[in-house]
Amino acid sequence: MRVTPSGWRRTDESSLPLHSFCIFRSLFPQRRPASNPQTRGLSTAAMRLVQFVRRGASGGVRVGVEQGAGGLGVVDLKAFDPSMPSTMRELLQLGDEGLDCARRALASGQCVVERSDLQLLSPVLAPEKVVCVGMNYRDHCLEQNAPIPKEPIIFSKFPSALTGPYDDIVLPAESQEVDWEVELAFVIGRGGKHIKEEDALAHVAGFTVANDVSARDWQMRRNGKQWLLGKTFDSFCPLGPALVTRDAVGDPHSLAVRCLVNGDTVQSSNTDQMIFQTEALVAWVSKFVTLTPGDVFLTGTPPGVGVFRKPPVFLKKGDVVECHIDQLGSIINKVV
């Protein structure tokens with residue numbers, strides 16, 4: 001305690017233990033000037049943002065910032081500043097205001113949740129759109145003797161396909177040909193329509209790892225050969241482990257990409273094989289639809305998928321699939 005010039009006794013925040021500090025902050029949330037998210041750019045502070053729930057505790061979904069690349073704790077943004085939202089999509093809708101708060105929270109070292117006390121969720125829940133790109137790796141086109149596309153091939157998954165970085169992939173009874181696809185994903189942080197390619201990266205919040213799980217029988221032979229149903233069964237889009245902001249990724253188009261099934265490497269390539277890179281995809285898709293914060297893009301897969309092996313190989317119960325991208329991390333999912 002110390003006495004202020006006015007005579008009031010005040011507790012020095014720096015003397016408070018961690019838990020008390022977070023409670024103290026919750027009583028006196030910081031004020032920030034009102035602003036219009038649509039007129040702002042997007043903060044480029046290097047961070048790894050996550051969504052999580054505390055194990056065995058109530059309180060619902062929280063947004064956090066990793067203190068390191070997977071090994072240390074996670075700073076709980078809402079505990080640091082109760083005016084912050086509880087979901088990544090809402091945080092991104094705040095634009096720089098939300099990301100600036102995340103940066104301050106990380107720098108504070110306060111309100112940390114230990115890894116053992118939390119469960120990571122998909123970095124984004126319930127996005128408005130999950131935009132997918134087919135045939136977007138040169139080496140994947142060569143694998144199936146297909147021509148290089150002259151325009152991006154766009155399809156989608158329903159948002160209900162999203163699942164966490166370590167959640168199970170559920171084999172549907174309706175398919176006997178479930179396959180893996182490691183993919184670089186990115187998340188829109190700033191909305192827009194008719195976005196110019198040279199401005200596109202300013203609309204991207206960051207990058208993450210995805211597995212575009214695919215039921216090949218439904219994708220290639222059923223449903224009039226429309227891809228949607230084969231791509232969008234529940235649990236067919238593991239995503240994570242973190243949303244890695246742009247400045248934390250050196251060059252997203254020069255990253256090693258790997259997929260392992262039961263420890264054996266089945267896909268190994270590099271994002272430099274992408275035909276249409278991030279900027280081109282944002283510009284192309286925004287010609288047709290308005291992009292909104294939280295929209296997820298899956299950018300295509302390299303060669304090595306099961307359907308083009310000789311003989312074809314598909315996932316079975318008990319398999320473990322790991323998708324890894326350098327600088328972003330790994331997602332590991334058991335097939336059940």
Side-chain angles (χ1 to χ4, degrees), residues 44 46-49 69-70 122-124 130-144 146-155 157 165 179-189 195 197-214 231 237-261 265-285 291 295-305 308 321-333:
T44 55
M47 294 181 291
R48 296 177 60 90
L49 300 167
S122 168
V124 180
V130 179
V131 179
C132 305
V133 188
M135 308 288 291
N136 197 33
Y137 276 67
R138 293 178 184 86
D139 47 7
H140 184 47
C141 293
L142 293 174
E143 172 184 47
Q144 48 191 304
I148 302 296
K150 291 181 169 49
E151 296 174 340
I153 299 172
I154 303 298
F155 63 99
K157 288 177 176 279
D179 203 350
W180 57 83
E181 290 191 9
V182 59
E183 305 205 9
L184 173 70
F186 65 84
V187 177
I188 295 297
I195 299 167
E197 191 166 328
E198 58 266 30
D199 299 330
L201 275 184
H203 291 259
V204 174
F207 298 87
T208 191
V209 183
N211 185 352
D212 179 13
V213 183
S214 306
K231 293 283 190 173
C237 192
L239 196 71
L243 177 61
V244 184
T245 57
R246 293 196 318 271
D247 272 14
V249 181
D251 180 358
H253 306 115
S254 184
L255 300 175
V257 179
R258 294 181 295 279
C259 179
L260 299 88
V261 176
T265 299
V266 292
Q267 291 182 279
S268 181
S269 186
N270 194 288
T271 56
D272 64 9
Q273 289 290 307
M274 286 172 59
I275 299 163
F276 302 102
Q277 297 185 342
T278 301
E279 299 91 329
L281 295 174
V282 170
W284 178 258
V285 174
L291 300 181
D295 286 348
V296 177
F297 278 65
L298 275 59
T299 62
T301 198
V305 295
F308 294 125
V321 185
E322 177 179 358
C323 295
H324 177 86
I325 300 180
D326 284 359
Q327 301 183 39
L328 304 182
S330 295
I331 58 177
I332 303 172
N333 306 95

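Scanning for ring pair (Phe, Tyr, Trp, His ring centres under 6.0 Å) contacts around F276 gives an empty result, with sequence neighbours left out. By the salt bridge (charged side-chain N to carboxylate O under 4.0 Å, His left out) test, D326 pairs with R258, sequence neighbours left out. Not counting sequence neighbours, the partners of F297 by the ring pair (Phe, Tyr, Trp, His ring centres under 6.0 Å) test are F186. Annotation: salt bridge (charged side-chain N to carboxylate O under 4.0 Å, His left out) contacts of E183 (sequence neighbours excluded): none. When the salt bridge (charged side-chain N to carboxylate O under 4.0 Å, His left out) test is applied to K157, the partners found at least two apart in sequence or on another chain are D212. Applying the side-chain hydrogen bond (donor to acceptor under 3.5 Å, both in side chains) criterion to E143, with sequence neighbours excluded, gives H140.
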Starting from the C-alpha separation in whole Å, work towards a yes-or-no answer on side chain to side chain contact (heavy atoms under 4.5 Å, CB included) for Q267 and T301. CA-CA 9 Å; Q267 291 182 279; T301 198; 2.9 Å; yes
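Scanning all heavy atoms of the two residues, the minimum distance from A205 to L243 falls at CB-CD2, 4.2 Å. Smallest separation of non-hydrogen atoms from C259 and V321: SG-CG1, 3.8 Å. Between G304 and W180, the shortest heavy-atom contact is O-NE1, 3.1 Å. Nearest heavy-atom pair across G300 and N136 is CA-CB, 4.3 Å. Contact between M47 and T245 at its shortest, heavy atoms only, is N-OG1, 2.7 Å. Of all heavy-atom pairs between A210 and L239, the closest is CB-CD1, 3.6 Å.
Side-chain atoms of D272 and S254 form no donor-acceptor pair, as typed in the model, at a separation below 3.5 Å.
Judged by distance alone, the side chain of S122 and the main-chain N or O of V124 form a donor-acceptor pair under 3.5 Å. Between the side chain of R48 and the backbone N or O of L328 there is at least one donor-acceptor pair closer than 3.5 Å. Between the side chain of T208 and the main chain of G240, a donor-acceptor pair closer than 3.5 Å is present. Checking side-chain atoms of N211 against main-chain N and O of P238 turns up no donor-acceptor pair under 3.5 Å. Between the side chain of S214 and the backbone N or O of K231, no donor-acceptor pair lies under 3.5 Å. Using modelled atom types, no side-chain atom of S269 and backbone atom of V257 make a donor-acceptor pair closer than 3.5 Å.
You'll find the side chain of L184 reaches within 4.5 Å of the side chain of F207, heavy atoms only. A heavy-atom distance below 4.5 Å is found between the side chains of L255 and Q327. Residues L298 and V130 have side chains in contact (heavy-atom distance under 4.5 Å, counting atoms from C-beta outward). In this structure, V187 and D295 have side chains that are not in contact, with every pair of non-hydrogen atoms separated by 4.5 Å or more. For the pair T278/V204, a side-chain contact is recorded, criterion being any heavy-atom separation below 4.5 Å from C-beta on. Residues V133 and L281 form a side-chain contact, since some pair of their non-hydrogen atoms from C-beta on lies under 4.5 Å apart. The side-chain heavy atoms of W284 and E197, taken from C-beta on, include no pair separated by under 4.5 Å. A heavy-atom distance below 4.5 Å is not found between the side chains of P123 and P241.
Note: H253 NE2 to Q277 CD = 4.5 Å, rounded to the nearest 0.5 Å. Atom CD1 of I275 is separated from atom CD1 of I148 by 4.5 Å, given to the nearest 0.5 angstrom.
Partner of V285 under the side-chain contact (heavy atoms from CB on, under 4.5 Å) criterion, out of I188, I195, I154: I154 alone.
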